[in-house]
Every structure is written in C-alpha cells, then in structure tokens.
Participant: 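Okay, handing you the structure first.
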Amino acid sequence: MSGVWVFKNGVIRLVENPNQSGSDTHNRRKVMVYLPTGEVVSSYSTLEQILQSLGWERYFGGDTDLLQFHKRSSIDLISLPRDFNKFNSVYMYDIVVKNPNYFHVRDSH
C-alpha cells in the first residue's frame, strides 16, 4: 500500500500514489477479493453475507451514516460508509486486517 496519509478537518485518509504520473495509474481503483471463492466484492449485500459467514454481525448502536459490523468474540468494529461508491482501499484494508487469510485487495482491471 503506497500513498500519503492526509489529516484534514479531524479526519485522516490515505491518498494513494499522490505523485505518480499518468492518468490511468492515478485513477486506478482497488477491488477486494474474497479468497475462498475468488469473488470480487461488488456490493454491500455480498460483503454482509460474507462477513456474517465469518461471524460478524450488524451493529446498530453507532453512527447512522455508517454500516457497522462487530464480532462477539472480539473488540473489533468494522465501520463502512453507507454509500458503496465511497468504499475505498482504506476500508478494504481494515477488513483484510480483521479477517486475515480471507480477503485480498488488488488493482481493478
């Protein structure tokens, strides 16, 4: 994962490859792959089904602008923007770290 962490208005976010030239490489999006099936996660409904199969449950006690999931067996919480179009590599890597060996993030084609 390359890029620069930017802190603005109390929020930290990753700006990927900020100095890389070329519009094709600069606008390249990431996708998250569910490794057991090789399926690209293309919607929250798909992701929710996968997370539930891994023991995650929807958490409704938090921010209403977020979709949140928790595991009873841990203190981890996954927080995602409600709009899937805002689901970017920062959120993907959070899921990868909390579910080792189940997901992989790669460049889309």
Side-chain angles (χ1 to χ4, degrees):
M1 177 165 70
S2 63
V4 176
W5 288 99
V6 177
F7 185 78
K8 184 177 179 182
N9 297 330
V11 177
I12 192 164
R13 67 181 181 91
L14 178 65
V15 177
E16 295 184 29
N17 304 319
N19 296 323
Q20 193 171 25
S21 62
S23 61
D24 182 46
T25 55
H26 183 69
N27 293 327
R28 191 174 6 183
R29 288 193 44 94
K30 303 285 187 187
V31 294
M32 187 170 65
V33 178
Y34 180 53
L35 294 175
T37 63
E39 176 184 10
V40 172
V41 175
S42 58
S43 70
Y44 279 149
S45 61
T46 302
L47 179 59
E48 185 170 1
Q49 289 174 352
I50 294 169
L51 290 175
Q52 285 177 344
S53 74
L54 297 174
W56 292 89
E57 300 174 351
R58 282 289 301 271
Y59 177 72
F60 295 99
D63 190 335
T64 57
D65 292 334
L66 300 172
L67 291 178
Q68 295 183 310
F69 299 88
H70 74 98
K71 246 184 180 176
R72 290 182 187 218
S73 62
S74 76
I75 62 168
D76 289 334
L77 183 68
I78 296 173
S79 297
L80 308 171
R82 274 205 184 274
D83 183 356
F84 189 78
N85 292 322
K86 295 179 181 177
F87 181 63
N88 61 31
S89 63
V90 173
Y91 301 105
M92 294 177 194
Y93 284 114
D94 183 43
I95 293 170
V96 169
V97 166
K98 293 173 180 167
N99 297 279
N101 305 316
Y102 287 100
F103 294 98
H104 175 73
V105 177
R106 64 172 171 80
D107 291 331
S108 65
H109 293 114

Participant: So how far is it from Leu67 CG to Leu47 CG, rounded to the nearest 0.5 Å?
Facilitator: 9.0 Å
Participant: Under 4.5 Å between any side-chain heavy atoms of Tyr44 and Pro81, yes or no?
Facilitator: yes
Participant: Of all heavy-atom pairs between Met92 and Val31, which one has the smallest distance, and what is that distance?
Facilitator: SD-C, 3.9 Å
Participant: Does any part of the side chain of Ile95, heavy atoms only, come nearer than 4.5 Å to the side chain of Val105, both counted from C-beta?
Facilitator: no
Participant: Which value, rounded to the nearest 0.5 Å, describes the distance between Asn85 atom CG and Asn88 atom CG?
Facilitator: 11.0 Å
Participant: For the residue pair Phe69 and Gln52, establish whether any side-chain heavy-atom pair is separated by less than 4.5 Å.
Facilitator: no
Participant: Are any non-hydrogen side-chain atoms of Leu51 and Arg58 less than 4.5 angstrom apart?
Facilitator: no
Participant: Minimum heavy-atom separation for Lys86 and Tyr91, please, with both atom names.
Facilitator: O-CE1, 3.6 Å
Participant: If you compare all heavy atoms of Phe87 against all heavy atoms of Met32, which two are closest, and at what distance to 0.1 Å?
Facilitator: CZ-CE, 3.8 Å
Participant: Give a yes or no on whether Tyr102 atom OH has more than 12 heavy-atom contacts from other residues, nucleotides or ligands under 6.0 Å away.
Facilitator: no
Participant: Which pair of non-hydrogen atoms, one from Leu66 and one from Ser79, has the smallest distance, and what is that distance?
Facilitator: CD1-CB, 4.0 Å
Participant: Could you check whether any side-chain heavy atom of Asn99 comes within less than 4.5 Å of a side-chain heavy atom of Ile50, counting everything from C-beta outward?
Facilitator: no
Participant: Starting from Tyr59, walk the hydrophobic network (Ile, Leu, Val, Met, Phe, Trp, Tyr; side-chain heavy atoms closer than 4.5 Å) and list everyone else you reach, by chain and number.
Facilitator: Leu77
Participant: Using residues 34-42 as the side-chain source, report each donor-acceptor pair under 3.5 Å to any protein atom, sequence neighbours left out, with the distance given to one decimal.
Facilitator:
residue: Thr37; atom: OG1; partner: Glu39; partner atom: N; Å: 3.2

Participant: Hey, quick one: are Phe84 and Leu80 part of the same hydrophobic cluster, counting side-chain heavy atoms closer than 4.5 Å, chains of contacts allowed?
Facilitator: yes
Participant: Closest heavy-atom contact between Val96 and His104?
Facilitator: CG2-N, 4.3 Å
Participant: Just grab all the salt bridge (charged side-chain N to carboxylate O under 4.0 Å, His left out) pairs involving residues 71-85, residues at least two apart or on different chains.
Facilitator: Glu57-Arg72
Participant: Looking at Asn101, I want to see if its CG is surrounded by more than 12 non-hydrogen atoms of other residues, nucleotides or ligands under 6.0 Å.
Facilitator: no
Participant: Can you tell me how far apart CD (Gln68) and CH2 (Trp56) are? Round to the nearest 0.5 Å.
Facilitator: 11.0 Å
